[in-house]
There are 2 protein chains.
Amino acid sequence: MTEKDQNTEEKIKAAARDLFHQRGFDGTKTRDIAEAAGINLALMNYYFRSKKKLFDLIMMETIERFFQSVLDIIREEDDSMEQKIQKLTSHYITLLKQEPDLPVFILSEVRSNPSFIFDQVFKDNDVGQTPFFQFLRQSIGQDTSDPSHPAHILLNLISMIVFPFAAKPLIMYLLGLDEEQFHHMMDQRRELIPVWLHKLLPSDELPNLKNHEN
Amino acid sequence: MTEKDQNTEEKIKAAARDLFHQRGFDGTKTRDIAEAAGINLALMNYYFRSKKKLFDLIMMETIERFFQSVLDIIREEDDSMEQKIQKLTSHYITLLKQEPDLPVFILSEVRSNPSFIFDQVFKDNDVGQTPFFQFLRQSIGQDTSDPSHPAHILLNLISMIVFPFAAKPLIMYLLGLDEEQFHHMMDQRRELIPVWLHKLLPSDELPNLKNHEN
DNA sequence: TTTTGATTTAATCATTTGTTTAAATCAATT
DNA sequence: AATTGATTTAAACAAATGATTAAATCAAAA
C-alpha cells in the first residue's frame, strides 16, 4: 500500500459513498462510481472485489457512524436526561444538515436487507445491551398507552429530529422554502425540540425517562 | 377491452404497485413484475408501453391517493382545527398500518426525481393553493423561532405520524417488538398524537393554527 | 540499471435487463 | 364454420451492467 494506492482506494470509497447515499445500491452503477472517482472501471474490483462488497463496507461504516453518537451520549453518566436530549438533538441536527441523505439511504436499504445489517454493527458495540435500551425494552411489557411512556417519547424525539430531513425535498416544496430557509428552520428546531419534548412529559422531573441519573 | 383484458391490465398494475412500493424503481425488474402478475413478459409493454411509463402511472396514483386525504380533511370547514388533527392522525395511522411501505417509497423516489412529480399531482388538486397552505407559507416569512409556529407544529404532527412507519423495521428491531406489538403501539398513537400536539401549543385555543374556523 | 511486484489500463466477457417481433391463440361477429 | 381483431406467447435483440483478463505502466529494491 503506497501513498498513491491508499489514495486511489479512498477516492473510490468517497465517490461510492456519495453515490450510494444519493441513489441507493440499485440506483448506483459501477461505471458511475468509476467516473465520479476519476479512476478506471477495473480498479473498483481490484480494491474491493465487487460492487456488493464495497456497498456492504460503506453501509457498515455509515450505520456505525450514524449510531455511534447515540451510544456515546446515552452512556455519559454525568449528564441528566435533559442534557442527553439536548446533546442528541444538537448533534443529529448538525449531522443531518451536512448529510441530509442519510435517513432515506438507511431506511430504504434496510427495507430490503432486514435486521442482519444491524446484527453486524450492533453486536460489537451492543447498543441494545445499554442500560437505556434494556430499560426501554422492559418497559414495553408495561402499559404503553401512557402518554409519557418512554418508548413513545423516544419515538417522538427521533421522529421530530430525523423526519424533516428525510422529507426535506417534499417539505421545501410544500412550504416554499429555499435551502437557507430550510437550514434556518432546522437550526431553530435544535433549541425547540428539547422544549417540546419537555412539554410531553407529566412533570418537570421527567419521571418516566429518568432511570439512572439524579 | 374485454373482461379478461381489463383483468390482465389490473393484475399487472397490482403486481407492479406491490413491487415498486417494496423495492423502488431500480430494484424492480420487469421479469419480477411479470412473474408476480402471472403473465407473459411482453404484456407489460403491450399494456403500458414501458417500465418507466408504468412506474410513472403508479407513482402518480400513489401520491394522489396519499395526499388526497389531507385535502379532504383540511378543507372540511365544519371541523375545528383539533378535529382536523384527530381525523388526519386517525386516517393516516389506519392507512400506514395497511401500507407501511408508502413513506419510504415516496421519500426514496422523490430524492431522484425532484419536485416535478408533485407539480403533476398538485397542480390539478392545487393542494398548495388551499387557504391552509397559503396561510402556512405566508407565516414562514415571520418569526419561525416561535415554539408554536404553525410550520413547526405541522412538521411535528407529520413527523410523529409518519416516521414510526418509515422506520418500522428499525424500531421493531431496537425495541424488540413483534408485528402485533408494533401495531398496538401505533393504535395508541392514534389517540396520543392529538394529545401531544395540543401540549405543544400555548393555550387551549390553538391560536397559531386556527385560521378559518371558530 | 535491472528486476520485481504492485497498480493501472483497454479490451473483452457473460449475464441481466428492457423491449420488440412474429406467430399462435382466443373470442366475438358474420 | 369462417373471419376479424384483440390478446397472448415464445423467441430473440440490443443495450446496460458487473466482472475479468492480459498487457502496460510505475515505483521501489537489488
Side-chain angles (χ1 to χ4, degrees), chain A residues 1-62 105 108-109 111-113 116-117, chain B residues 1-62 105 108-109 111-113 116-117:
Chain A
M1 293 269 192
T2 70
E3 178 65 27
K4 203 176 178 182
D5 302 346
Q6 182 73 329
N7 219 7
T8 298
E9 193 171 335
E10 281 309 315
K11 274 197 301 183
I12 297 173
K13 254 178 68 173
R17 179 162 33 236
D18 277 357
L19 289 173
F20 282 140
H21 283 186
Q22 280 175 37
R23 310 180 190 172
F25 179 78
D26 291 319
T28 302
K29 310 305 174 187
T30 55
R31 284 166 179 78
D32 297 337
I33 298 175
E35 192 186 8
I39 52 104
N40 184 283
L41 178 60
L43 289 179
M44 194 262 268
N45 295 280
Y46 179 79
Y47 282 101
F48 300 96
R49 310 291 298 169
S50 74
K51 177 190 170 187
K52 184 57 165 48
K53 286 205 166 60
L54 172 55
F55 177 82
D56 287 343
L57 175 67
I58 283 167
M59 177 56 115
M60 224 194 62
E61 288 185 359
T62 300
F105 167 71
S108 65
E109 295 300 334
R111 78 182 154 172
S112 36
N113 312 38
F116 116 95
I117 296 175
Chain B
M1 291 271 195
T2 71
E3 178 65 28
K4 202 176 180 182
D5 302 346
Q6 180 74 328
N7 221 5
T8 298
E9 193 171 334
E10 280 309 315
K11 276 197 300 184
I12 297 174
K13 253 177 71 173
R17 178 162 34 236
D18 278 357
L19 289 174
F20 282 139
H21 283 186
Q22 280 173 37
R23 311 180 190 171
F25 180 78
D26 292 320
T28 301
K29 308 306 174 186
T30 55
R31 281 164 182 79
D32 297 338
I33 298 175
E35 192 186 10
I39 51 105
N40 183 281
L41 178 60
L43 289 178
M44 194 264 266
N45 294 279
Y46 179 78
Y47 283 101
F48 300 96
R49 311 290 299 170
S50 73
K51 177 190 172 190
K52 184 57 164 46
K53 285 207 168 61
L54 172 55
F55 177 82
D56 286 343
L57 175 68
I58 284 169
M59 176 55 113
M60 225 194 62
E61 289 184 1
T62 300
F105 168 70
S108 64
E109 296 299 334
R111 79 181 152 174
S112 34
N113 312 40
F116 114 95
I117 297 177

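Owing to the predicted nature of the structure, the values given are computational and were not obtained by experimental measurement. Per chain, numbering begins at 1; letters A, B, ... match sequence-line order.
The CG-P distance, from Asp32(B) to dT16(C), rounds to 12 Å in whole Å.
The side chain of Lys29(B) lies closest to dT17(C) when the candidates are dT17(C), dT19(C), dT9(D). You'll find that the side chain of Ala42(B) is closest to dT20(C), out of dA19(D), dT8(D), dT20(C). Here the side chain of Leu41(A) is nearest to one of dT19(C), dT9(C), dA19(D), namely dA19(D). Among the nucleotides dT17(C), dG18(D), dT19(C), the one closest to any side-chain atom of Lys51(A) is dG18(D). Across dT20(C), dT17(C), dT8(D), the shortest atom-to-atom separation from the side chain of Asn45(B) is found for dT20(C).
Without hydrogens or angle criteria, Lys13(A) side chain to Leu57(A) main chain gives no donor-acceptor distance under 3.5 Å.
Ion pair Asp26(B)/Arg23(A) not flagged as a salt bridge, since none of the NZ, NE, NH1 or NH2 atoms sits closer than 4.0 Å to an Asp/Glu carboxylate oxygen.
Between dA19(D) and Thr30(A), no contact under 4.0 Å exists linking OP1 or OP2 to a side-chain N or O. The side chain of Tyr46(A) contributes no N or O atom lying less than 4.0 Å from OP1 or OP2 of dA19(D). Listed pair Asn40(B) / dA10(D) meets the phosphate criterion, a side-chain N or O lying under 4.0 Å from OP1 or OP2.
Near-neighbour residues of DNA chain D inside residues 54-61 of chain A, defined by a heavy atom below 4.0 Å, are absent.
Using the six-membered ring where Trp is involved, Phe20(B) and Phe25(B) have ring planes that are parallel, under 30° apart on the 30 and 60° scheme.
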